[in-house]
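Report on the structure given below.
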Amino acid sequence: MLNIVLFGPPGAGKGTQSKKIIQKYNLIHIATGDLFRLHLSNNTSLGIRAKEYMNKGNLVPDNIVINMVEDKINNSNNVEGFIFDGFPRTINQATALDKMLEIKNIPIKQMLALKVEEEELIRRIKNRAKTSGRLDDQSEEKINNRIQVYNNETKPVANYYKEHDKFSEINGIGGITEIFDELCSIIDNL
Ligand code: ADP
């Protein structure tokens, strides 16, 4: 089982790289932002609950996110592994994920963290805003809030994996293929 956490700030390229990784390694992609957006577009009660948080660029409460991920894991059978993208985003979520996977005896192998500085993140998200249709991409205020939430609440999650000796950092600036090759070389040595 190859379970990976792909980590990094908003706009770091997690979605882009995840798509390539799941194809190469035959993994299930659990992207909490995508799952929430699907719920939103289907107008489910979960989507309605998540909407106000997402549109402001704040985190959806842990219990909602954790239950959604747990469902997704439990509904995936005969898989070769999971790639978690946009999750865990708090220490609470990280410990909950460890518990879920411990019961199944399928622990996280490694966190792969994409490193991109703030100026570049803002540039990328503003550019994405032209086509993403995402409300949280649309204003500088929301983008800045997301980066601040990342710095305050999500960054400490990297230390959690460092402490467990499961942390690798990759430069997230460069060509998509170049970054992908670097991620693959780490994954192949896990
Ligand atoms: P990005 O990484 O570009 O900010 P995502 O698509 O990963 O965007 O997430 C969009 C929004 O969905 C977040 O700003 C947050 O409101 C919500 N969300 C996604 N994942 C989580 C999570 N693990 N915990 C809390 N909220 C989340």
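This one's a predicted model, so the numbers in the text were calculated from it and none came from an experiment. When a ligand or atom number is given, it counts from 1 through the structure's own listing order.
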re atom 26 (N) of ligand 1, the protein heavy-atom contact at minimum distance is Val60 N, 3.0 Å
I'd like to know whether NZ of Lys155 has more than 12 heavy-atom contacts from other residues, nucleotides or ligands below 6.0 angstrom. no
With a 4.0 Å cut-off on N to O distance, would you call Asp137 and Arg124 a salt bridge? no
In ligand 1, the atoms that come under 4.0 Å of a heavy atom of Met54 are 11 (C), 12 (O), 16 (O), 17 (C)
> Below 3.5 angstrom, do we get any N/O pair linking Arg146 and ligand 1?
Replying inline: yes
Task: Test: Arg123 and Glu120 ion pair at under 4.0 Å - done: yes
Within 4.0 Å of some non-hydrogen atom of Arg37, the atoms of ligand 1 are 6 (O), 10 (C)
Distance col, row Ile64:CD1 vs Leu59:CG, nearest 0.5 angstrom, shows 11.5 Å
What do you reckon, is NZ of Lys166 surrounded by more than 12 foreign heavy atoms closer than 6.0 Å?
yes
A student checking ligand 1 against Lys14 at a 4.0 Å heavy-atom cut-off should list atoms 2 (O)
With heavy atoms and a 4.0 Å threshold, my read on which part of Arg128 contacts ligand 1 is side chain
So for Val65 against ligand 1, with non-hydrogen atoms under 4.0 Å, the contacting part is side chain
Nearest non-hydrogen protein atom to atom 20 (N) of ligand 1, with distance, is Thr32 OG1, 2.7 Å
Ligand 1 atoms nearer than 4.0 angstrom to some heavy atom of Gln93 are 22 (C), 23 (N), 24 (N), 25 (C)
Looking at ligand 1, would Lys56 count as a contact under a 4.0 Å heavy-atom criterion? no
Interatomic distance, CD1@Ile30 vs CZ@Phe84, rounded to 0.5 Å, equals 4.5 Å
Honestly, for Asn58 the part within reach of ligand 1 (heavy atoms, under 4.0 Å) is backbone
message: Can you confirm, on distance only, whether ligand 1 has an N/O atom lying under 3.5 Å from any N/O atom belonging to Pro10?
response: no
Residue, atom and distance of the protein heavy atom nearest atom 13 (C) of ligand 1 read Arg89 NH2, 4.0 Å
Looking at Ile176, I want to see if its CD1 is surrounded by more than 12 non-hydrogen atoms of other residues, nucleotides or ligands under 6.0 Å.
no
re atom 8 (O) of ligand 1, the protein heavy-atom contact at minimum distance is Arg134 NH2, 3.0 Å
Rounding to 0.5 Å, atoms OG1 (Thr16) and CD1 (Ile21) come to a distance of 10.5 Å
Problem set entry | N or O contact, Gly86 vs ligand 1, cut-off under 3.5 Å | yes
So CD1 of Ile125 and CD of Glu140: to nearest 0.5 Å the spacing works out to 10.5 Å
Note: Lys51, heavy atoms under 4.0 Å from ligand 1, region reported as neither
Exercise for review: Flag Asp34 as yes when one of its N or O atoms lies below 3.5 Å from any N or O atom of ligand 1, and as no otherwise.
Suggested key: no
- [ ] Take Met100 and Ile66 through the side-chain contact (heavy atoms from CB on, under 4.5 Å) test and state the conclusion after the steps.
- [x] CA-CA 10 Å; Met100 281 178 226; Ile66 291 165; 3.6 Å; yes
Notebook entry, point to check: How about Lys20: does its NZ atom have over 12 heavy atoms from other parts shown lying under 6.0 Å from it?
Noted result: yes
